[in-house]
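To start, the structure under review is shown below, and the notes come after it.
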Amino acid sequence: MADFRIAVIPGDGIGPEIVEEALKTLEKLGAAYGHRFSFTRLLMGGAAYDATGTCFPEETVPVCRQHDAVLLGAVGGPKWDALPGPERPEKALLKIRSGLGLYANLRPAIMHRALAASCPIKPENMGGSMDVLIVRELTGGIYFGEHGWRDGAFGPEAYDVERYSETEIRRIAHVAFKAAMSRKKVLTSVDKANVLETSRLWRRVVTEMSADYPDVSLSHMYVDNAAMQLVYRPGQFDVILTSNMFGDILSDEASMITGSLGMLPSASLSDGSFGLYEPSHGSAPDIAGKGIANPIATILSASMLLRYSLGLTEEAGALDRAVTAVLNAGLRTADIAGKGAACLSTSQMGQAIRDRIGQPRA
Ligand code: NAD
């Protein structure tokens, strides 16, 4: 029997509801496969602010480091929107990512066949089935560059500086090349090299590195074209490599093409096996407490945790298959149900997935 220690940050809004379903699901898998998961719950975001006066308690990073991985719900909400910028819950996300050295964000966007009706794009325009992995740089670029306000010649002005070093580009590009090697071996590097110096460096480094990955077919695309191509023919992409801000935007766009934000997991990785796993969506304050949030993105994030941090690929596969089986059986939460269709609650969806763990492959 193997023991695994997981730090858990439920967060705000729907965070606690969806994380609870993921934890119960890990426990079910543990019982089925003979592993023991222990969970250490931590406060971060608005919940931490209310309890301790800060959104990012000092012990967050050191305690997370004592665990094998971190599972996070989501943070933020209107209750804390009036806090000054540096104290806002969303700032805690940037701090935990940089504090834990999580520079690689992996966001798979897969179109489940059973959810084709929720896709806003006509099937004949998909250009193949959509299965994209977006590899986003997470601890550099404009979100972490010098920023501020100052007096300008014509009144107040504000600035945010985009900066990337060759080392930062190289390490995230390695992650993307390796991911492409384990998939269809097609890598699209997205930048804005016709305008930005950081993008010109990005393109030069990625092009040089392609010599080390001769089996991967590399192409470059400007971000404005990539945004257009994602809705024009999403099926053309395999792995997309891009910077922090471009990845933030493109991954949300990709997620909507698959039907709902409530379906998409993410992994944020450092060197080695440590990682933080969270749904791609936010804390959805509009539906918090109603018991109707879709827990699938968080449950699939737990599956990525099993695969990337704990090396439990068989168990992760069993979980992914359980989710697919639930969707194929027509079970839906409100966000992915058609108009007037019956809907499961958050906990019913979690239970339906758990019921299918350990069932023979279809
Ligand atoms: P959001 O992702 O929370 O919600 C957007 C829409 O999608 C809402 O209508 C919501 O109800 C719906 N939705 C999201 N997740 C869902 C789920 N699992 N099931 C069903 N429907 C779901 O984005 P937002 O409204 O822009 O942000 C709300 C708060 O979340 C803000 O405070 C924002 O800063 C924060 N946020 C946090 C994170 C994070 O913690 N990683 C990420 C994005 C936004």
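One-based numbering, in listed order, for ligands and for the atoms of each. Because the structure is predicted, anything quoted here is derived from the model rather than measured.
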Closest protein heavy atom to [atom], given as residue, atom name and distance to 0.1 Å:
atom	result
atom 22 (C) of ligand 1	I287 CD1, 4.0 Å
atom 39 (C) of ligand 1	L93 CD1, 3.4 Å
atom 5 (C) of ligand 1	L261 CD1, 4.0 Å
atom 29 (C) of ligand 1	S283 OG, 3.2 Å

Contact atoms of ligand 1, heavy-atom distance to [X] under 4.0 Å:
X	answer
A74	40 (O)
A293	19 (N)
G76	32 (O)
G262	17 (C), 18 (N)
G77	32 (O)
E278	41 (N)
E90	31 (C), 32 (O), 33 (C), 34 (O)

Test item: side-chain donor near acceptor, [X] and [Y], under 3.5 Å:
X	Y	value
S303	D320	yes
N294	T333	yes
T207	H220	yes

For this session: Verify the neighbour count for atom CD of E58: are there more than 12 heavy atoms of other residues, nucleotides or ligands below 6.0 Å?
Result: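 Atom CD in E58 is not crowded, with 12 or fewer foreign heavy atoms closer than 6.0 Å.
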For this session: Verify the neighbour count for atom OH of Y159: are there more than 12 heavy atoms of other residues, nucleotides or ligands below 6.0 Å?
Result: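 More than 12 within 6.0 Å, yes.
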Test of understanding: given a 4.0 Å heavy-atom threshold, classify the contact between [X] and ligand 1 as side chain, backbone, both, or neither.
X	answer
I18	neither
P285	side chain
I14	side chain
V75	both

Exercise. Are any of the N/O atoms in S280 less than 3.5 Å from those in ligand 1?
Worked result: no
For this session: Could you say whether the N/O atoms of A284 and ligand 1 ever approach to under 3.5 Å?
Result: yes
When you measure from the side chain of [X] to the backbone of [Y], do you find a donor-acceptor pair of N or O atoms at a distance under 3.5 Å?
X	Y	answer
S309	S273	yes
N244	L138	yes
D191	V223	no

Given [options], which has its nearest heavy atom closest to [atom]?
atom	options	value
atom 17 (C) of ligand 1	N294, T333, T298	N294
atom 11 (O) of ligand 1	D286, I292, L264	D286
atom 1 (P) of ligand 1	G282, A334, P89, G46	G282

For this session: Would you verify that at least one protein heavy atom lies under 4.0 Å from atom 26 (O) of ligand 1, or report that none does?
Result: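 For atom 26 (O) of ligand 1 the answer is no, since every protein heavy atom stays at 4.0 Å or beyond.
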For this session: Can you confirm whether something in the protein, heavy atoms only, sits under 4.0 Å from atom 36 (N) of ligand 1?
Result: yes
Exercise. Could you give the distance from CE (M263) to CG (L115), rounded to the nearest 0.5 Å?
Worked result: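 The CG atom of L115 is 5.0 Å from CE of M263, to the nearest 0.5 Å.
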Exercise. Can the ring centroids of W80 and Y49 be said to lie less than 6.0 angstrom from one another?
Worked result: no
Exercise. Does some side-chain heavy atom of R332 sit less than 4.5 Å from a side-chain heavy atom of L327?
Worked result: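 When only atoms from C-beta onward are counted, R332 and L327 do touch, with a gap below 4.5 Å.
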Exercise. Less than 4.5 Å apart, any side-chain heavy atom of M221 and any of F237?
Worked result: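 When only atoms from C-beta onward are counted, F237 and M221 do touch, with a gap below 4.5 Å.
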Problem set entry | Of T242, T198, D224, the residue whose pairing with K192 passes side-chain hydrogen bond (donor to acceptor under 3.5 Å, both in side chains) |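 Between K192 and the candidates, side-chain hydrogen bond (donor to acceptor under 3.5 Å, both in side chains) is satisfied uniquely by D224.
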